[in-house]
Amino acid sequence: MQSSNGRPHGTGDGPESSAENQDEDGVASRGVRYEDPWYDALASGWGELDGTGRPAPVVPSARGERDGAAVRARDVYAEVQRSEAFQEVRSRYRRFVVPGVAAFLVWYVGYVVAATAAPGFMARPVVGAVNVGMLAGLGQFLSTFLLTWAYARHARLRRDRAALELRWDTQELTRGAQGGAS
């Protein structure tokens with residue numbers, strides 16, 4: 001299978017023989033290309049030789065090909081990003097994450113400040129050898145787990161279905177831009 005930038009994948013780089021990349025006889029098809037603008041974007045062009053044995057002077061762009069299908073696929077992603085559905089998913093994400101991160105940081109900084117500025121208060125015994133500082137420290141762990149649980153629940157109930165629908169719509173639009181059948 002070819003990567004999106006035209007270079008062959010090495011072993012272990014992807015689903016080279018998965019069912020979706022096989023023809024009717026179960027043989028892996030070799031001409032499959034991804035038109036996802038983020039596929040291989042991070043690794044492409046870094047540390048490659050320019051053909052003379054020296055590294056290329058400039059890093060090539062993440063997307064080497066510039067044919068009509070690639071431009072149309074890129075336009076599909078830009079269109080989806082501007083869509084009302086995408087903006088709603090992003091705003092739901094921000095409405096949860098921004099207050100959650102702010103509350104957690106205030107709680108964490110408050111714990112650190114209290115531990116350094118009020119050691120007498122943190123050393124006050126609550127039950128036996130357990131003091132306020134120990135309870136607050138355990139509260140840090142508890143709040144981390146609770147925030148993680150709340151984030152996963154919020155994502156499952158408020159964003160995952162809409163994000164999955166956006167993903168499928170994007171893939172269908174991309175296939176349509178390439179002129180291919182599903």
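Computed from a predicted model, the values in this text were never measured in an experiment. These values consider heavy atoms only, across backbone and side chains, with no hydrogens, waters or symmetry-generated copies.
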(request) Could I get the full list of side-chain contact (heavy atoms from CB on, under 4.5 Å) partners for Asp169, not counting sequence neighbours? (result) none

Distance-only check: which donor-acceptor pairs under 3.5 Å involve side-chain atoms of residues 127-137, not counting sequence neighbours?
from	atom 1	to	atom 2	distance (Å)
Asn131	OD1	Gly133	N	3.2
Asn131	OD1	Met134	N	2.8

(request) Go through the structure and list residues passing side chain to side chain donor-acceptor pair (under 3.5 Å) with Tyr151, not counting sequence neighbours. (result) Arg159

(message) Running the 4.5 Å side-chain criterion over Ile, Leu, Val, Met, Phe, Trp and Tyr, what cluster does Leu138 land in, apart from itself?
(response) none

(message) Let me confirm one number: the CD-CZ distance from Gln87 to Arg82, rounded to the nearest 0.5 Å.
(response) 10.0 Å

(request) Not counting sequence neighbours, list each pair that qualifies as a side chain to side chain donor-acceptor pair (under 3.5 Å) and has a residue in residues 134-145. (result) Trp107-Ser143

(message) Once side-chain contact (heavy atoms from CB on, under 4.5 Å) is applied, do any residues pair with Val109, and if so which ones, sequence neighbours excluded?
(response) Val113

(message) Under the rule for salt bridge (charged side-chain N to carboxylate O under 4.0 Å, His left out), what residues qualify as partners of Glu88, not counting sequence neighbours?
(response) Arg92, Arg95

(message) Do Val126 and Phe121 sit in one hydrophobic cluster, given that two such residues count as connected whenever their side-chain heavy atoms are within less than 4.5 Å of each other, even indirectly?
(response) yes

(request) Using side-chain contact (heavy atoms from CB on, under 4.5 Å) as the criterion, list what pairs up with Arg90, not counting sequence neighbours. (result) Phe86, Tyr93, Arg94

(request) Tell me, please, which residues at least two apart from Ala85 pass side-chain contact (heavy atoms from CB on, under 4.5 Å). (result) Ser83, Leu166

(request) Could you list all the ring-ring contact (aromatic ring centres under 6.0 Å, His included) pairs where at least one residue sits in residues 152-174, not counting sequence neighbours? (result) Phe96-His154

(request) Sort and list the pairs that fulfil side chain to side chain donor-acceptor pair (under 3.5 Å) and have at least one residue in residues 108-123, not counting sequence neighbours. (result) none

(message) Apply the hydrophobic cluster definition, ILVMFWY joined by side-chain contacts under 4.5 Å directly or through others, and give me every member besides Phe145.
(response) Phe141

